[in-house]
Amino acid sequence: MQSLIGTGVALVTPFKTDFSVDTEALTRIVNYVIDGGVEYLVVLGTTAETATLTSDEKELVINTVIEANKGRLPLVLGVGGNNTHKVVEELQTRDFSAFTAILSVSPYYNKPTQEGIYQHFKAIAQASPIPVILYNVPGRTASNMLPSTVIKLANEFKNIVAIKEAAGDIVQAMRLIQNKPKDFLVISGDDMVTLPMVLAGGAGVISVIGEGFPKEFSEMVRLGLNKKVDQAYQLHYKIADSIDMIFEQGNPAGIKEVFKILGLCENTVRLPLVNVNEDLSNRIKDFVNKF
């Protein structure tokens, strides 16, 4: 899918200081990243603190992003979980007319076998009315979706079109790129290894830091896709320290601190997440002000 090549950004859910959803700030962020040149937007991923949102708040976020986007960029919606039946039920009942694809995380906490992961995504593929992006993030799910499982799913279900690969393992990513079907996309889910993955044959990234610095990060990815290696790495090393900082004390606390400094939204997060400490806040502020 050509529309998923390049830089997608995993949108935060901005909160006011009273912890309610800040739709005005969300609209500002959507416009900021679109103006910065990203290729698509991901709604209700992990970065959106989706686990802490009520059903009504999720609908509010979705509708706000659709309205703010005004059809300018493709939208991807996070639809995943560790209850396969519940995910399938949502796929069968939700209106996906505004979305290009769904992003569905490998089941967390349950720690299924590879066969369990396969059966989970088989059910999702059979139920989904739009293309599916798999999401492998062992650091959050406590299980790794192996390349053999991914390739099996990609070969058997034509609507499974991509994987967001966030194992932080460049060798595993290269195995996926080596053995994938021709049109299947391997998308980085780890900002720090995005450029190496792109240069190895990956299709781009679903990014967090790309939200804070959309112009530079999306340009780095485009340079990488065009094999302009030296220029791409200049941008990578310009941004690299900020990637470490925004994840140092948890996501999205770090990127929300960037947004507060940029004047786009408050740095409010919901428990069990907490704000970054004063030391990290000052280091992020120094980076943003010097960038």
Side-chain angles (χ1 to χ4, degrees), residues 3-4 8-34 38-109 120-121 123-135 137 140 159 164 206-208 211 251-253 255-256 259 264-273:
S3 59
L4 299 176
V9 289
L11 293 169
V12 302
T13 301
F15 299 123
K16 299 176 184 178
T17 54
D18 65 0
F19 298 99
S20 62
V21 175
D22 189 340
T23 56
E24 292 182 5
L26 182 54
T27 299
R28 283 196 296 272
I29 290 167
V30 168
N31 287 320
Y32 173 72
V33 296
I34 292 176
V38 306
E39 277 75 29
Y40 60 100
L41 309 176
V42 178
V43 187
L44 295 184
T46 307
T47 304
E49 297 176 74
T50 306
T52 71
L53 299 177
T54 67
S55 295
D56 286 345
E57 287 172 332
K58 290 176 185 177
E59 297 305 317
L60 177 61
V61 167
I62 289 169
N63 292 333
T64 300
V65 173
I66 291 171
E67 174 60 28
N69 182 49
K70 300 187 187 303
R72 288 176 286 177
L73 293 185
L75 301 178
V76 173
L77 181 64
V79 183
N82 61 344
N83 179 340
T84 308
H85 176 77
K86 186 176 179 182
V87 177
V88 167
E89 188 175 58
E90 180 172 0
L91 290 169
Q92 293 171 334
T93 55
R94 176 174 291 283
D95 176 11
F96 289 100
S97 57
F99 292 92
T100 295
I102 66 162
L103 175 67
S104 197
V105 69
S106 186
Y108 43 83
Y109 191 75
H120 174 82
F121 282 115
I124 286 172
Q126 291 174 334
S128 181
I130 59 175
V132 177
I133 305 169
L134 309 174
Y135 182 15
V137 57
R140 289 186 180 273
N159 64 334
K164 178 185 178 184
I206 293 175
S207 176
V208 179
E211 238 179 325
N251 180 46
I255 194 64
K256 282 192 171 181
F259 280 150
L264 290 169
C265 74
E266 296 291 337
N267 61 355
T268 309
V269 292
R270 285 181 175 175
L271 287 169
L273 300 181

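These numbers come from the heavy atoms of this one structure, side chains and all, not from hydrogens, waters or symmetry mates.
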Once rounded to the nearest 0.5 Å, what's the spacing between atom [atom1] of [X] and atom [atom2] of [Y]?
X: L26; Y: C265; atom1: CG; atom2: SG; answer: 9.0 Å
X: T52; Y: F19; atom1: OG1; atom2: CZ; answer: 10.5 Å
X: T268; Y: F15; atom1: OG1; atom2: CZ; answer: 8.5 Å
X: N83; Y: Y109; atom1: CG; atom2: OH; answer: 14.5 Å
X: K256; Y: I29; atom1: NZ; atom2: CD1; answer: 8.0 Å
X: L75; Y: F99; atom1: CG; atom2: CZ; answer: 5.5 Å

So which atom in [X] and which in [Y] form the shortest heavy-atom distance, rounded to 0.1 Å?
X: E90; Y: F96; result: O-CE1, 4.1 Å
X: R270; Y: E49; result: N-OE1, 3.0 Å
X: D22; Y: A25; result: OD1-N, 3.1 Å
X: A101; Y: L4; result: CB-CD1, 4.4 Å
X: P74; Y: T100; result: CB-OG1, 3.4 Å
X: L53; Y: K58; result: O-CE, 3.6 Å

For this session: Decide yes or no on side chain to side chain contact (heavy atoms under 4.5 Å, CB included) for I102 and I124, but give the supporting numbers first.
Result: CA-CA 10 Å; I102 66 162; I124 286 172; 4.1 Å; yes

For this session: Among residues two or more places apart or on two chains, list those pairs meeting side chain to side chain donor-acceptor pair (under 3.5 Å) that have a residue in residues 10-19.
Result: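 Matches after skipping sequence neighbours: D18-S20.
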
Problem set entry | Residue pairs fulfilling side chain to side chain donor-acceptor pair (under 3.5 Å) with at least one residue in residues 25-34, sequence neighbours excluded |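 Applying side chain to side chain donor-acceptor pair (under 3.5 Å) to every pair that reaches into residues 25-34, excluding sequence neighbours, yields N31-R72.
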
For this session: Please identify each residue that fulfils side-chain contact (heavy atoms from CB on, under 4.5 Å) with A51, with sequence neighbours left out.
Result: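 Residues passing side-chain contact (heavy atoms from CB on, under 4.5 Å) with A51: none at all.
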
Problem set entry | Derivation of the side chain to side chain contact (heavy atoms under 4.5 Å, CB included) call for I206 and V9 | CA-CA 5 Å; I206 293 175; V9 289; over 6 Å; no

Show the atom names and distances, to 0.1 Å, of all donor-acceptor pairs under 3.5 Å that link a side chain in residues 59-67 to residues at least two apart or in another chain.
{"unit_1": "E59", "atom_1": "OE1", "unit_2": "R94", "atom_2": "NH1", "d": "3.4"}
{"unit_1": "E59", "atom_1": "OE2", "unit_2": "R94", "atom_2": "NH1", "d": "3.2"}
{"unit_1": "E59", "atom_1": "OE2", "unit_2": "R94", "atom_2": "NH2", "d": "2.7"}
{"unit_1": "N63", "atom_1": "ND2", "unit_2": "E59", "atom_2": "O", "d": "3.1"}
{"unit_1": "T64", "atom_1": "OG1", "unit_2": "L60", "atom_2": "O", "d": "2.7"}
{"unit_1": "E67", "atom_1": "OE2", "unit_2": "K70", "atom_2": "NZ", "d": "3.0"}

Exercise. Would you say E24 has more than 12 foreign heavy atoms packed within less than 6.0 Å of its CD?
Worked result: no

Identify every side-chain donor-acceptor pair in residues 39-47 under 3.5 Å, counting partners at least two apart or on other chains, and give the distances.
{"unit_1": "E39", "atom_1": "OE1", "unit_2": "T7", "atom_2": "N", "d": "2.7"}
{"unit_1": "E39", "atom_1": "OE2", "unit_2": "R222", "atom_2": "NH1", "d": "2.8"}
{"unit_1": "T47", "atom_1": "OG1", "unit_2": "N251", "atom_2": "ND2", "d": "2.9"}

For this session: Examine distances only and state if a side-chain atom of E211 and a backbone atom of V33 form a donor-acceptor pair shorter than 3.5 Å.
Result: no

Exercise. Looking only at side chains, do T54 and D56 share a donor and an acceptor under 3.5 Å apart?
Worked result: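 Short answer, no.
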
For residues 127-135, run the donor-acceptor check on the side chains, cut-off 3.5 Å, and write out each pair with its distance to 0.1 Å, sequence neighbours left out.
{"unit_1": "S128", "atom_1": "OG", "unit_2": "I130", "atom_2": "N", "d": "3.3"}
{"unit_1": "S128", "atom_1": "OG", "unit_2": "I130", "atom_2": "O", "d": "2.6"}
{"unit_1": "Y135", "atom_1": "OH", "unit_2": "K164", "atom_2": "NZ", "d": "3.4"}

